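Everything quoted here is computed from the prediction, not taken from an experiment.
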Amino acid sequence: MPTTCVSCGRVRDVNINLTNWQRHVNACKKRKSSKNYNNHTLTEFLIPKKPKTHQDNDFSKITKEIHVNNTVATTDISKENRINCNNAVEGFSENIAESLYSKNEGIDLKVVTEDTNPTDFSKITKEIHVNNTVATTDISKENRINCNNAVEGFSENIDESLYSKNEGIDLEVVTEDTNPTGEAFIDASNNNFCFEEYMPKTSNNDPALIPENVSSNQLSYFVELGPCQPNPLELEDKLFGLPKAKKTNIVSNGSGDWKNISRIIENHEILPDHLHSEISRSLFSKNLRLDLKLPLVLSANRQVAENRQVVKIIIDAIIYTARQNIALRGHDESRKSLNKGNFLELVDLLANYHAPLQIHLDKINAKSHNRLTFMSNVTQNTILDILKEQIRSSIINEIKMSKMFSIIIDTTTDVANLEQFTLIARYVFEGIIQEKLISLVTAEDGTGRGLFEVFCNISKKYDLNWKEQLYAQSYDGAASMQGEYSGLRTLIQLENPRAKYIWCFAHRLNLVIVDTADSSVHTRQFLGDLQALIGFMRARKRTSEFVKYQKLIYPTERIRRIKSFSTTRWTSHDRVIIVIFEKYKALYETLECLLKSTDRVTSSGAKNFLNVISSFDFVITMILLRKIFSITTPLSNYLQSKSVDFIEALRLINTSKEQLAKMRSDKKYEEMVKEAKQFANNHNLTEVDFKESRKRTKKILPGEKASDEVQSSSFDKYRCHTYFTVLDKVITSIQSRFNDSNNILKDFTLLSPERLRKLKNENQHLPQDSFADLVAWLPEIDINQLRNEYIIFSKSFDDLTSGIDLPTLLHCPESISSSESCEEEEKNITQDEQINMTKIGVSTILYTLSKYDLSAAFPNLYIAYKVLGTIPVTSASAERSFSKVKLIKTRLRSTMDQGRLESLMFLSCERDIKINYEETITLLGKSSDVLKKALLFK
């Protein structure tokens, strides 16, 4: 054991025993190594990459290698390079002897000399490998070293300091010319280094070793390394903590109380100082870089970044409440209120899981008056306006890129008796048919001229070139919309003649059902009795009785209620008929129970309705209308979908008309009568057949014979006066109301998938005048090129559509479902073919042309299909927007401002458009000077 301490120079006293002397030596070594360790520069943690190859005339390498104990010495020194290494190696060896005298492991010592200038040898880097640890030292230009003597002296010093070692020492001196231009990679004076030229040698990221001023890139490097576990003596400098936080005991000195360490750490984690540090680290990790060289800017930008995080959560809360169509404001939004409204209550809930928001709310609650909360009604309206314009801007840009669109317009009166005017645009973008909301405004004038002025103002405000790019328009059957002289469609066509008018298919089909309802005495009486029954069953006690018997008779089925008829949506009649048909026995038992009621009105009404629903005429008429509605209701639902195209709609209408025509036969009538009798027998009704009416004979006059009289039974009367009459009226009404649609553009029928397959399979030729009307409507299409493209595309149509993966939202989930009356299709079409034909339509072809980038190869055909997809079939999207208005502007929210209503409508209707939070927050910051200071970076 040495008698002199290498670290402090103290000589061992004779009174100090060996154990105490060993403790003293270890303490001095630890104190000095900790001191030296903290003074290391950032460059000591980096090693150079593999040196680059230079030209032959560069000074390449000087290599010396000495192995102590079983070593081999090698030398590769260029004659031109003579370096004086005496002073550098001598000082470096002393540091090694001090720090490694007590080691028992082997030491691998390297002295690396880098020639960074061919004429001025600038730098020599020494590296010592002790186990897996590396230490490096730079030698300045002034140190001129004689390598021949340096290695000998260096090895002697190491041998003296490690006299007790048994392992060998590997010493290597390497000089490399890595920069012939003389530029240094590392400047040790200001700790600037190049990450591209140096790689981290270890994963040590102790904060005590990080310089006081580091760049943004350097800070990112240490953040990516992750946390470390330093000892308390090394916790001198922190990255993200505030000055007050750095002075706390656990941060500055650490803790050695392992018995209570869990409690100490938990207490520290809930401190505000720790939360501030976590917020700073989180913001930095999310690329919100701050300039650390400017303390004032750092403090301001840190607060701005925190505010932007808070506002982002507030925007999420606003979007959530808007898309759920619930009110944001509350009746009492004070701090003491138990219910501050949906928005504020949601923000309080989110604050439990978001530290910056919780700190923001704590600051607000700590003051009686706050100028900046980001949650006032003014800020809400500002955020809603920004989100609305962001969504609308995205839609307008898609329309302008599409260069062709159609419009859907409708009006309605809201709960505040204001006339709401909605404008929907239909267009094709990236091969997908879109229907998007453009504007929702109030219309003071409900005439055709007034609606036209509103439309022109909206188009001018948002720069819509409707006079050139508008190809179709779809409205309902109101006189102000489709008037021939002063209607909206006429005024638009005066400015743009090729803007085709499409009367909403769904509205026309609804009128077909209206015509059917009054075509026969039996149907009129049935629907009248049904409406009276609905009114009778609306009472609370009667409804509860109906529900009770449903639970008793149908315990495993869902409870159904009889809803009121709608005067505009005749599909509601179908729903009522289905409920009565499926819950007939429960309804019958309910009326029998109400018959015993002590209330004379209830008892009398129950008796009358019991007689009505138990009659055979009621049962057979119910089954007849149910069969008709089973065809028209799925058709109506499909016609209201966004993705349905013009050709597909006409094909479905023709298919429904053919199915109704097949029902008009004696065989089908007999099957229906048989089904009605079976229904009556199953429910134990007294009438299981038609009532036989009394025969009325005429008085025989002279010359007449009684046998000439025609005796018609009730069976035949119902067939002639009700069954055939109703079906004839339905078929005739469909043909008359949809006949004009077939004559709009007959050339569009050639674009159907069925015609494409038929042209390929049967090798047919196109008609000579094919696409003539289409080219007259669209002059930009070349008719000869269109025919050639059509023929070529038809040959590869099946190959292109067979393996294509359709997007999730290409088709609406509503489709024509197969019902009992729709089971008999054409015999030459299998069920798989029907599904395939339903799946592949114009929207599929458009998506195929867009996915395979065939719009440039088939430009004329793509324009034809694009226009076909742009033509709207129905104005149901406008009706859906009015449904949203009723959900948003309720009786309790009737005083809502029109701008706020429009903003909520955009968020509720256009959910698929993504919100750019950063842009929203930036625009919010520009809306006022106060928000500018709080939300915009310096």
Quick one: closest heavy-atom pair of L372 and L931, and the distance? CD1-CD2, 3.4 Å
R540 atom CZ: more than 12 heavy-atom contacts under 6.0 Å: no
Please report the C-alpha distance between S908 and N325 in whole Å, then the side-chain angles of each, then the deciding distance to 0.1 Å, and finally whether the side-chain hydrogen bond (donor to acceptor under 3.5 Å, both in side chains) criterion is met. CA-CA 7 Å; S908 180; N325 303 318; 2.7 Å; yes
side-chain hydrogen bond (donor to acceptor under 3.5 Å, both in side chains) partners for R880, two or more places apart: S877
Testing the 3.5 Å rule here: is there a donor-acceptor pair between the side chains of E419 and T442? no
Excluding sequence neighbours, so at least two apart, what forms side-chain hydrogen bond (donor to acceptor under 3.5 Å, both in side chains) with K436? E910, D912
Nearest-0.5 Å distance that lies between atom CD1 in I313 and atom CD1 in I318: 12.0 Å
Atom CZ of R538 and atom OG1 of T543: how far apart are they, to the nearest 0.5 Å? 9.0 Å
Side chain proximity check, V885 to T412, heavy atoms < 4.5 angstrom: no
In short, salt bridge (charged side-chain N to carboxylate O under 4.0 Å, His left out) pairs touching residues 482-495 with sequence neighbours left out are K467-E495
Separation between CG (N465) and CG (L470), nearest 0.5 Å, reads 9.5 Å
So L935 and F374, do their side chains get closer than 4.5 Å, heavy atoms only? yes
Evaluate the side-chain hydrogen bond (donor to acceptor under 3.5 Å, both in side chains) criterion for residues T379 and S376: first the C-alpha distance (whole Å), next the side-chain angles of each, then the deciding distance (0.1 Å), finally the verdict. CA-CA 5 Å; T379 305; S376 65; 3.1 Å; yes
I'd like to check the side-chain hydrogen bond (donor to acceptor under 3.5 Å, both in side chains) partners of S406; sequence neighbours left out, ordered by chain and number. none
Rounded to the nearest 0.5 Å, how far does CD1 of I407 lie from CD1 of I438? 10.5 Å
Tell me whether R308 is salt-bridged to E918, with the criterion being a basic N under 4.0 Å from an acidic carboxylate O. yes
Among residues two or more places apart or on two chains, list those pairs meeting side-chain hydrogen bond (donor to acceptor under 3.5 Å, both in side chains) that have a residue in residues 925-935. none
Are T633 and D574 close enough that a side-chain donor and a side-chain acceptor fall under 3.5 Å? yes
Heavy-atom closest contact (Q898 atom, V441 atom, distance): NE2-CA, 3.7 Å
Strictly by salt bridge (charged side-chain N to carboxylate O under 4.0 Å, His left out), give each pair with a member in residues 864-877 just once, sequence neighbours left out. none
Centroid-centroid distance, W466 to F405, less than 6.0 Å: no
Looking only at heavy atoms, what is the nearest atom pair of Q640 and A506, with distance? CG-CB, 4.1 Å
Intermediate values then yes/no, side-chain hydrogen bond (donor to acceptor under 3.5 Å, both in side chains), R900 and Q380: CA-CA 9 Å; R900 186 182 179 95; Q380 289 179 25; 3.3 Å; yes
Taking the side chain as C-beta and beyond, is there a heavy-atom pair between F738 and W503 under 4.5 Å? no
Counting C-beta onward and ignoring hydrogens, is there a side-chain heavy-atom pair between L451 and I409 closer than 4.5 Å? no
Of all pairs that satisfy side-chain hydrogen bond (donor to acceptor under 3.5 Å, both in side chains), the ones with a partner from residues 444-456, not counting sequence neighbours: D445-T447
Just wondering, do F906 and L384 contact through their side chains at under 4.5 Å, heavy atoms? no
If you compare all heavy atoms of K563 against all heavy atoms of I534, which two are closest, and at what distance to 0.1 Å? O-CD1, 3.5 Å
Can a salt bridge be assigned to the pair R498 and E780 using a cut-off of 4.0 Å between side-chain N and carboxylate O? yes
For the CZ atom on F882, are there more than 12 heavy atoms of other groups (residues, nucleotides or ligands in this structure) within a distance under 6.0 Å? yes
List in chain and number order the residues that pass side-chain hydrogen bond (donor to acceptor under 3.5 Å, both in side chains) with N496, two or more places apart in sequence or in another chain; answer none if no residue qualifies. none
Here the salt bridge (charged side-chain N to carboxylate O under 4.0 Å, His left out) pairs for residues 374-402, sequence neighbours left out, are D385-K388, K388-E902, E389-R392, R392-E902, K400-D463
Heavy-atom pair of closest approach, residues A425 and Y427: O-CD2, 4.0 Å
Can you measure from CD1 (I383) to CG (L907) and round to the nearest 0.5 angstrom? 11.0 Å
Looking at side-chain heavy atoms only, is the closest gap between T413 and L418 below 4.5 Å? no
side-chain contact (heavy atoms from CB on, under 4.5 Å) involving S393 - partner list, sequence neighbours excluded: N397
Contacts satisfying salt bridge (charged side-chain N to carboxylate O under 4.0 Å, His left out) that involve residues 348-365 (not counting sequence neighbours) are K340-D348
Of all heavy-atom pairs linking I921 and I315, the shortest is CG1-CD1, 3.9 Å
Measure centre to centre between the rings of Y475 and H507, then say whether the value is under 6.0 Å. no
Close side-chain approach of I871 to K500, heavy-atom, < 4.5 Å: no
With sequence neighbours excluded, what pairs up with K884 under the salt bridge (charged side-chain N to carboxylate O under 4.0 Å, His left out) test? none
Please lay out, stage by stage, how T422 and D410 fare under the test side-chain hydrogen bond (donor to acceptor under 3.5 Å, both in side chains). CA-CA 6 Å; T422 182; D410 202 354; over 6 Å; no
Spatial distance of atom OG (S881) from atom CG (L423) [nearest 0.5 Å]: 10.0 Å
K642/E435 ion pair, N-O < 4.0 Å: no
